[in-house]
Protein chains: 2
Amino acid sequence: MSRKRNTTLKELSKELGLSISTVSRALNDHPDISLETKKKVKKLAKQMNYVPNLFARGFRSRETHILGVIVPNISHLFTSTILKGILDEAELRGYRVIISESNNEETKQVEMLNTMTQFGVDGVLMSLARKTKDVEEVLKILNRIPIVLFDKVSSKIPCTQVVINEEEAAFNAVEHLIELGKKRIAIIKETENSYNSEKRFAGYLRALNQYNIPVRDKLILSTEDISLGNGRRLANILISMKKRPDAIFAITDNAAIGAIKALHKFNIKIPEEIAVVGFSNSINSTIVSPALTTVDQPGAKIGRTAVRFLIQELENPTSDVMTKTVEIKTSLIVRDSSLNA
Amino acid sequence: MSRKRNTTLKELSKELGLSISTVSRALNDHPDISLETKKKVKKLAKQMNYVPNLFARGFRSRETHILGVIVPNISHLFTSTILKGILDEAELRGYRVIISESNNEETKQVEMLNTMTQFGVDGVLMSLARKTKDVEEVLKILNRIPIVLFDKVSSKIPCTQVVINEEEAAFNAVEHLIELGKKRIAIIKETENSYNSEKRFAGYLRALNQYNIPVRDKLILSTEDISLGNGRRLANILISMKKRPDAIFAITDNAAIGAIKALHKFNIKIPEEIAVVGFSNSINSTIVSPALTTVDQPGAKIGRTAVRFLIQELENPTSDVMTKTVEIKTSLIVRDSSLNA
DNA sequence: CTGAAAGCGCTTACAG
DNA sequence: CTGAAAGCGCTTACAG
């Protein structure tokens, strides 16, 4: 099938007997051009199905109006919700979005960052790969184009960072358990000191301290990979204790759901004997029974906010280095796993 | 923060005292250039952190190596799994991917298609918006660049289509229920004749016919929006029948899960009294209890296949119009909702 | 083996 | 009000 080539300004100008410049100006509603000419030009343009080659335009102005997005894993519900927000907001503002995955590999992340700049993206939105240690390469790119980090961020990279109020969210979750009368509140967190895990743990500690509840090391469990399986495994450890906890705060929904499954096996009543709270408000949290109390993270809002800050930076290049951290508010969704305790 | 501009060939050539052409050729390993020159050039290029401007390159060759992707909704797990496959395969073959959403609106779909061509994407991968009726505009675009459809497709668009074996998958699911000894098998499907719903319904009918089981209109329920809530609602109708069905085949997991929740409320034993089978193998299907028997759709494979066909078409533009339909095999995952019945 | 020049499609300062 | 020309960064046929 032979493809039609796109109509160009040249073709239009030849057809009209006008210069390319005039045609270009007419289409862009330049004030110099007479109304009559504009009409004529626009009419033919429509007829010949003219679409401007944005590539050529961007090439000249050194602006592509393309934003790069790098995330660890696109098929994570929370991530794709953020992406939705990014797409919406970008489109609204006339930007296109190129998305790629780092698969949580630091080398891949740097590689993607490099090809993105090669492609001439105007800026990059990025959620860091797990265990990103060496930020040298990222800083190099940051010298060339603006970057805005979201969700998985790092204080080692001086740029705008959009996150949820992790610490406060965790505090609220644990406070909720305390208000329920729970005293022995276990936490399931990550071994590695990821930004998110650390903050949520800090919130947990602050809540206990504020309510004068002793922090018990035995009730603080960690796992490398905070999955459903590991949630189940760690919950089993908690269940086997002589003095069981009366609540479990897992820093992800999946781990919380694993815990629920484990409690179920042992016929432990949720929330009467042990209440469970998760983090994310994933779809699963409504499917599991009892439905899971969890922290709702407004993904789309995070995405939209990140785009807004990036574009602001792009369109005001004179402003100072942006290094602010923007916190998006979360809310606790109380469901059966911690109700009527 | 003042941004460093990217190094250009011009800068390199000035520094080296060579012409731009020579530098370009050296970097591209043109056989004409002496090894010595190549070494010198490459060394400086690395030193000065030179990255070719792919934009300029693509602009000249009229190939951007960017693929456009349009999906109804990115934050659908199945969709994002397909996207994962698309990203992987595209990257492997040196293509970038621009993603956008149609939000299931036909006008938005056309709009996205237009801006994508404006952007100069080499080709488009698309899953159609629900109820896409007017394919005129799509055909117009198809005259300019190749399109490959996946998942939500339409026979009205003459191009390569990548789908799962919907009909056979549904057949297998229903056959499985029949082999369990079920005789009154209800189906929950979509009102509207979407490609997927129609095919799955056809598979259902074929299975019943093949096993000489009468098709009962009362057991065929439809809903506009095949959601969890509607699954629950329709299941309630089935439950209230004098002669209840002994199995429910819902054409989506969500609807199946809704059905399970409804059965649960009425203390109906699953699968002994009523078995349930879904379609998608979403994460939820393992979270719900009993775990749901469902059809696994290899999303990543669909994505990868679609990319492969598109690129093949791009790189062999001489070949005839491509209109083949590629079917990706699914498999039935049997879980507790239909086990030991 | 290397260079000067044209051209991809567009915009825009400069002339008229 | 309109046009000729330069230029964005690159590749490549044409000369030498």
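Since the model is a prediction, treat every value here as computed from it, not as a measurement. All chains are named by letter (A, B, ...) in the order of the sequence lines, taking the proteins before the strands, and each is independently numbered beginning at 1.
Across the C1' atoms, C:dG16 and C:dT12 are found 16 Å apart, a figure rounded to whole Å. Taking atom P on both D:dC1 and D:dA5, the two are 24 Å apart, rounded to the nearest angstrom. With both ends at atom P, the span from C:dC10 to C:dC14 equals 23 Å, rounded to whole Å.
B:Asn53 has its CG atom 6 Å from the P atom of D:dC10, to the nearest Å. Going from atom NZ of B:Lys10 over to atom C1' of D:dC10 covers 12 Å, rounded to whole Å. The CD1-C1' distance, from A:Ile20 to D:dA5, rounds to 11 Å in whole Å. Separating the CG atom of B:Asp32 from the C1' atom of C:dA4 is a distance of 16 Å, rounded to the nearest angstrom. Put simply, CG on B:Leu18 is 14 Å from P on C:dC1, counting in whole angstrom units. Between B:Leu9 atom CG and D:dT12 atom C1' there is a gap of 13 Å when expressed in whole angstrom units. When the P atom of C:dC14 is taken as reference, atom NE2 of A:His30 falls 13 Å away, rounded to whole Å. When the P atom of D:dG3 is taken as reference, atom NZ of A:Lys14 falls 15 Å away, rounded to whole Å.
Salt bridge B:Glu91/A:Lys108: present, at least one basic N to carboxylate O contact under 4.0 Å.
Across all strands shown, B:Ser24 has heavy atoms under 4.0 Å from base atoms, whether or not it also approaches the sugar-phosphate. Backbone-only contact: B:Thr8 has heavy atoms under 4.0 Å from sugar-phosphate atoms and none from a base. Base contact: B:Ser21 has a heavy atom under 4.0 Å from a base atom.
Looking at A:Ile86, A:Ile311, A:Ile66, A:Val121 one by one, the single match for side-chain contact (heavy atoms from CB on, under 4.5 Å) with A:Tyr95 turns out to be A:Ile311.
Of the candidate nucleotides C:dC1, D:dA4, D:dC1, D:dA4 has the atom lying nearest to any side-chain atom of A:Ser19. Comparing atom distances between the A:Ala56 side chain and each of D:dT2, D:dC10, C:dC10 picks out C:dC10 as nearest.
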Is there a salt bridge (charged side-chain N to carboxylate O under 4.0 Å, His left out) between A:Glu89 and A:Lys84 once you walk through the steps? CA-CA 9 Å; A:Glu89 186 72 21; A:Lys84 200 181 184 61; over 6 Å; no
Mind running salt bridge (charged side-chain N to carboxylate O under 4.0 Å, His left out) on A:Lys38 and A:Asp29 for me, showing each step along the way? CA-CA 7 Å; A:Lys38 281 185 190 170; A:Asp29 265 327; 3.6 Å; yes
Quick one, B:Glu137 with B:Lys140, criterion salt bridge (charged side-chain N to carboxylate O under 4.0 Å, His left out). Give me CA distance, side-chain angles, the key distance, then yes/no. CA-CA 5 Å; B:Glu137 291 293 322; B:Lys140 249 191 227 165; 3.4 Å; yes
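Taken to the nearest 0.5 Å, the OG atom of A:Ser13 stands 4.5 Å off from the CD1 atom of A:Ile20. A:Ser194 OG to A:Leu128 CG: the interatomic distance, rounded to the nearest 0.5 Å, is 11.0 Å.
In DNA chain D, stems built from 3 or more consecutive Watson-Crick or G-U wobble pairs, each with both distances under 3.5 Å, span C:1-3 with D:14-16, C:5-12 with D:5-12, C:14-16 with D:1-3.
The nearest heavy atom of DNA chain D to B:Arg25 and to B:Pro52 marks one nucleotide each, and the one closer to the 5' end goes with B:Pro52.
B:Ser75 and B:Asn73 are linked by a side-chain donor-acceptor pair at a separation below 3.5 angstrom, with hydrogens and angles left out of the test.
Side-chain N/O atoms of A:Thr22 include none lying less than 4.0 angstrom from OP1 or OP2 on D:dC1.
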